[in-house]
Each structure stands twice: as C-alpha cells, then as structure tokens.
> 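Handing you a structure now.
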Amino acid sequence: MSRIMTGARMVIEALRDQGVDTVFGYPGGAVLPIYDELFQQNDITHVLVRHEQGAVHMAEGYARSTGKPGVVLVTSGPGATNAVTGLTDALMDSIPLVVLSGQVPTFLIGTDGFQEADTVGITRPCTKHNWLVKDTADLSATIHKAFHVATSGRPGPVLIDIPKDVQFAEDAYQGPKQIDPPRYQPVRKGSVTAITRLVELIEQAERPILYTGGGVVNSGPGASQLLRELADATGIPVTSTLMGLGAYPASGKNWIGMLGMHGLYEANLAMHGCDLMINIGARFDDRITGRIAEFSPDSVKAHIDIDPSSINKVIHVDIPIIGDVGHVLEDLLKIWKSRGRKVNTAALGKWWEQIEGWKSKNCLFYRNSDTIIKPQFALQRLEALTKGRDRYVATEVGQHQMWAAQFLHFDEPNRWMTSGGLGTMGYGLPASIGVQMAHPEALVINVAGDASWLMNMQEMGTAVQFRLPVKQFILNNERLGMVRQWQQLLHGERYSQSWSDSLPDFVKLAEAFGCKGAQVQDPKDLDDAIQQMIDYDGPFILDVLVEKHENCFPMIPSGKPHNEMLLGDAETQGAIQGAGAALV
Amino acid sequence: MNALNIQKGASSHSAYDLRDPNAQVEESHTLAVLVENEPGVLARVIGLFSGRGYNIDSLTVAEVDHTGHQSRITMVTSGTPAVIEQIKAQLGRIVPVHEVHDLTVEGPAVERELGLFKVCGQGDKRVEALRIAEIFRANVVDSTLESFVFELVGTPSKLDAFAELMRPLGLSDLARTGVAALARGI
Ligand SMILES: Cc1ncc(C[n+]2csc(CCOP(=O)(O)OP(=O)(O)O)c2C)c(N)n1
C-alpha cells in the first residue's frame, strides 16, 4: 500500500516518523511548499527565528540538552549561507543536526537563479554528509538516512537540499522501516584485546587519570553512569574537557576539575605527571595539550573514541580503542571486575596526596572587591543561588565562558551548552532558547559577554514570541575581554579594537523586546538582582557591570606545556614569546 | 621510558604496528578507495585533501560496478607515516566511502599508468624516437610526417623515464591517466 503525496508533505511525514517535535526555521520562496504543509498540521512546532544562524544554534541547544537530533528548516541562497556558521559549530562539537534547505527548482540549478547558491558545495566541508535530492521518489528515504547518519557513529550535522519542484511533485512515501538498512554502520564495540590490555594497565598504574570529553556526553546517559562507576570503583581521578563537563559530577569525590588552557592547576599538573592517561571521548585538542612535544611526557596513553581518525591525529597513543564510549566502558568494567577489581592502592594513595597538594594552591583564587563586581564572584553567586534547581547553562565565547566553566558546577550531563571547537560568539542566546524549547519548566541561563551577546541578540524576539523564560546573564566588562587579555599578555598592552563602544542600554533593550531587564553594579545588590532574574516569569536580561580588566586565570599560554601554567598572581608580562605568539 | 614499561606499539590497531610513527621521512602510498558512486563523492575526497593540506600525486576514478554503483578511486599520496595513517582514517569516515586499502602496505600490488606522448621532429631525431619507443614497447597510435603519438602503459617511473628520453627528441605534449592499481594474487 503506497501512499502518494507531494515532496513537501513527505518532509512533514518523515519528520513525524523520526519523532521530531520541534523545528527551528525561517521561511522563504524555495521552502514555501513545506511551510504550507507545516501550517496544516499540529504535531510539529515550528519556532520562527530571527536569523538562520540562530536557528542552527537553537537546534544545537535542543540537541545537546536532549540527546536527540535538532532539526532546522531554511530557504535557499541566503537562508542556507546563514546556516553555515552553525553547521561548522555543530561539526566541530559533534552535535547531531538535520538541516533542510530549499533550493531553486532543478531546471534552474546552474543558471544563477534568484536565491540560488551551491548549498551542497558550500556545506560539504561543514557537514558530516549532505544530499541534493533531485527526485521526489528519493526524498523520504534520504531524510530517514540523514537522521541515521547524523546520529550514528560520531554524531554531526547533515543537510538535505530540496529543490522547489521536488517539493511540489508527487511520489510514494517510504517510512523508516521500508527503506534498506543504511550501509553506514560505524563500529560500536571496542576490541576486547585492547580493552583487556587497558585493564591490565589500570591494575598496575601508579598515577592514572581519566581524561574525559564530549564523547561521554554524546554516548548517552548510560555512558556517564558507567564513567561514574569506573571512577568510583577504581579511585582514579577524573578531569574533563570543556565539552565533557557534567559527565562525571563536579560534586563527585574523584573530580579534579576541568583541564586545558584555562583549566585547573591540579587537573593540568595531573595530566602532565600521570603514568597512565585514559582518554575517554576526548580528542587531544590544542587547548588541552599545549605544546605537543612536552605533553604528558611519561605516560602510557589509551584513547577510547568512536572516530578512528581521532586516534593518533595529534598525540600518538599506545592503546587505541575504537568504539562507542558506553559499550567500551561496559566491557572494561566487566573485564576489570572479572579479574578481581585490582588497583595499585598504595600508589594511588600517594597520587591523591600529590593532587591534594596541587589543589591547595587554590588556583581559582581572585581578589574580590566591595565596590566592583568581580565576574568570578558574580558566577559564584549565580551558582549558589541556582544550586539544586533543574538548571541548564549556555554560554557565549570569551572570558565569561571560561569563568562559567570554572565556577559553575555540573552534576549531570547535557546541562552545559557551550561552543567548544569553533568558539562561536553568538552561540549562547539562541542555544539557550533551543534548550528552553526542549525543557519548558527548567531554569535556562545564558552566561554571556556583552560583545558576544550582541551577535545574535535579535533572537530575544524569538524568546519573547514563544514565551521562553531564558535568563540572559551578561557579564558586561565593556570590552572584548578575551581579546583584551591576549593583547595585554601578548601585544604590549596595545588594545586594538577590543573595546565595546556604544553599547546599548540592555535594560531598555529588554523593554524594547517586550521582556524585562535590570542592571546591577554594586556587589551588595547582586544577590537580589540574580534572584529577581530567576523569579521573573519570562525572558530576562541581567546586565551585570563587572570589573573591566579582570584576567582569566589559570592560563597555559599558547605553545607552553602544562607545567608552565600562569596563575592569577603570576607575573604575566612577556609570558608568551616566540613561536607561541603565532598560535591562536 | 615510563613507570609501566610498556613498549610503544605493544597494542593492536595502532599505527605503531606498521611503522615508526615518529619518522619524519615522507613515503609514497597508493590507496584504493571504493566509494558509492553518488554525486559529489569525488569532491568530498578532493576537498578532504585540500582542506587538511594533504598531497595528491595522482588520482584516477571510474565506476567499476555499474549495478552496485561503486566507483574505485586510486590515488597516490605522500606524507610521513603519521600523515598517511590520518589520510586513511579521514577517508574512511566519509559516509559514502566503503573501503580504503593501502596497496603499499597490504602486500604486493601491480600499478599501471597509461601515457600518450606527442613527439615532433624530423630526420635523425625522428628515427631515434621510434627506436626508443620500440625498446619501451610503446605503440604508435598516430603519425604524421613530422610527429608521432606514442601510447605507453607501465609503471609511473617507466613513463617518467620515457618522457625524459623523449624530451630532447621533440616531446611537445604529454597526457597521463594517473595510476590504476590492484593487489596481486587472490
Ligand atoms: C564570531 C566570532 N568572532 C570573533 C571571535 C574572537 N573572540 C573570541 S573571545 C572574543 C571577545 C568576546 O567578548 P565578550 O563576549 O564581551 O566576552 P568577554 O571575553 O569579555 O567575557 C572575541 C572577539 C570569536 N570567538 N567568534
């Protein structure tokens, strides 16, 4: 029994069959037939954004906070090109997205038609895969395949370009079960030999560390659970990249904090000094390794990753395990238990003593003030006043992002949305909207810098329209703070274009958008202001005027190894020299 | 080296199993990449090389299984051992790529390339060109009173050698297909 329908109807049908409840999008000529179908149904909510970049980041927020793929619908030409930053962001952070773009009709392709762009050409390097569908008969199968590709193996964004005549034409709809099983089937189970080898190392290691990343979160809640079990049963310290925060709870006894360029002293020194590094779903990003030649020189390294190309890409590892984190950890625990749950207890005790010693350095120390709000203090108060709530946090990019990672604590995965790989200013506000769509009752906060926030501030309109009570917590230093910090450390304090001049009045801006805003300047008023933001039943912009020249520490300057970390009170002038100055 | 005394390369699935990964010498490898013959697949492969800064020394592609829509891309690439491993892994994760074979390490393989060489000249040079072509077992596929087009099939180095010899004899145009390669045996 075949069901004949238009391509536009197929899109809706296929999305419904894939369990999609929300689409973030913006209409235009080349997707009008699909919008017409959207109009005539009630199963899928369409969130009308203000700019297509916002739609993609919203879908990312939705995906990261739910584990389900985010769905975006944009028109041809400018609609598709506006989606490119979001696609690249999702590719770098392995976020599953399905983006549908309209295209000029097939007979106009190649003629420089109105709003024609070579969308599959432009998005080929910034998607995991993409398709141009030239025949309505292929459309439904392609959409089902797209969901499969976006969510299997290492997740990522995919795009389907649909010419307008393909949307109008009729053909038979195929459901997800009617199509051939896709050939793309990445391995999920790791090699038992390699896992056993790792278990043997865990049994003997004197200074082991679990270096976890976004792969744990992407592998699903089960993987986070297994990580907790492994860490707690073996007593191995856990650190995480920016992407993996929450997979192991910040309140857990083995947690030693985030690592990396602005990671904690104890985490970075433990990475440097360990004898067994177990990388679980992280990718040895340059923000983590610092100078490669001096990265953790005395350790044996194991790497669990679902993407074979992550293995030996940057750091050569001794035990590569290709597989899904959840599956591998399950086997690892099984083997470790069956061999008698052994660890090198005496050595581990000494290792922990050493780590405690590093902890006592109190690397996040900052000099607080009675008169000016320190950004770190603002985040500590935000943490205190929101603790224990059903809370999700998004961020923009800059100093505030790093401080948020340092001072906010996450006990669950999928609670922290930040642009890690691409570092996209303008990510946080739309991401917070996507999160709130998925979790209407939760407290969703975007920790922002003034400059980043302006990059996609038009999406405040979306928040107001859809009554999404997202809280915009702007740490306003009237600077492009992170740029200013680098200029101070690296470019002789010549602050070239790192000023946020002519900033809008954020409170009036909130009013103009039809929501509420407040400004706070005195540390004494901070708690009340945060409470007012939390309690307000609607979107809220809190403009927190903070110390303008605070620097984010600790910091591993570019091109330096982990053990040459700068602490807050360290002499910072001339810290980055030579080849390091060329790095970003 | 380290407290646990593990030999580098002690484990399977590692690039260490193959060669010294830290070697800085560039090697040339011939890869056979079997792909779904869908639009854009070649652009994906080439885009990977340009985007990540890898070398393509030679590339040939054609559909080899019409019913199965499978194409075979044969490419010769060069890089340090670590780069070659990365190239294979990166190729392997392209969605429509079905298989990646490194013919250089997977055992003996035959490699052949076809070249067409136009050589213009008269008198002694013309005779000499014909004589050398015979030695190389090249075929004459076109001839005028002042030119030949030779067709030569062989390894890339054989074609290189032939071109070198023809240059002083009036080599004016040269077209090469790039390498096609298959593993020997069954
Ligand atoms: C789209 C984009 N453009 C430029 C940058 C480079 N950049 C990184 S941080 C930063 C400054 C961010 O300033 P702000 O949002 O005010 O945050 P702060 O660092 O002051 O906390 C800039 C310009 C970027 N990451 N993204």
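Chain letters run A, B, ... following the sequence lines, proteins first and then strands; every chain starts at 1. Keep in mind that this is a model prediction, so the values were computed, not measured.
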> How about B:Arg126: does its CZ atom have over 12 heavy atoms from other parts shown lying under 6.0 Å from it?
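Atom CZ in B:Arg126 is crowded, with more than 12 foreign heavy atoms closer than 6.0 Å.
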> So which part of B:Gln90 gets closer than 4.5 Å to some heavy atom of chain A, the side chain, the backbone, both or neither?
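Both parts, heavy atoms under 4.5 Å.
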> Just verifying a value: how many Å separate B:Gln86 CD and A:Asn312 CG, rounded to the nearest 0.5 Å?
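Going from CD on B:Gln86 over to CG on A:Asn312, the span is 8.0 Å.
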> Using a 4.5 Å heavy-atom cutoff, which residues in residues 119-134 of chain A come close to chain B?
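A:Arg124, A:Lys128, A:His129, A:Asn130, listed by number.
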> Hey, does B:Arg93 have a side-chain heavy atom less than 4.5 Å from the side chain of A:Arg154?
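Yes. Closest side-chain heavy atoms under 4.5 Å.
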> Between CD of B:Glu36 and OH of A:Tyr184, what distance do you get to the nearest 0.5 Å?
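If we round to the nearest 0.5 Å, B:Glu36:CD and A:Tyr184:OH are 14.0 Å apart.
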> Return each pair, listed once, that meets salt bridge (charged side-chain N to carboxylate O under 4.0 Å, His left out) where at least one residue sits in residues 173-186 of chain B; pairs must be two or more places apart or across chains.
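Found B:Glu113-B:Arg176, B:Asp160-B:Arg176.
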> Do you know the tightest heavy-atom contact between B:Ala89 and A:Ser309?
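Where B:Ala89 meets A:Ser309 most closely, the heavy atoms are CB-CA, 3.4 Å.
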> Does NZ in B:Lys158 sit with more than 12 non-hydrogen atoms of other residues, nucleotides or ligands closer than 6.0 Å?
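More than 12 heavy atoms, drawn from other residues, nucleotides or ligands, come within 6.0 Å of this atom.
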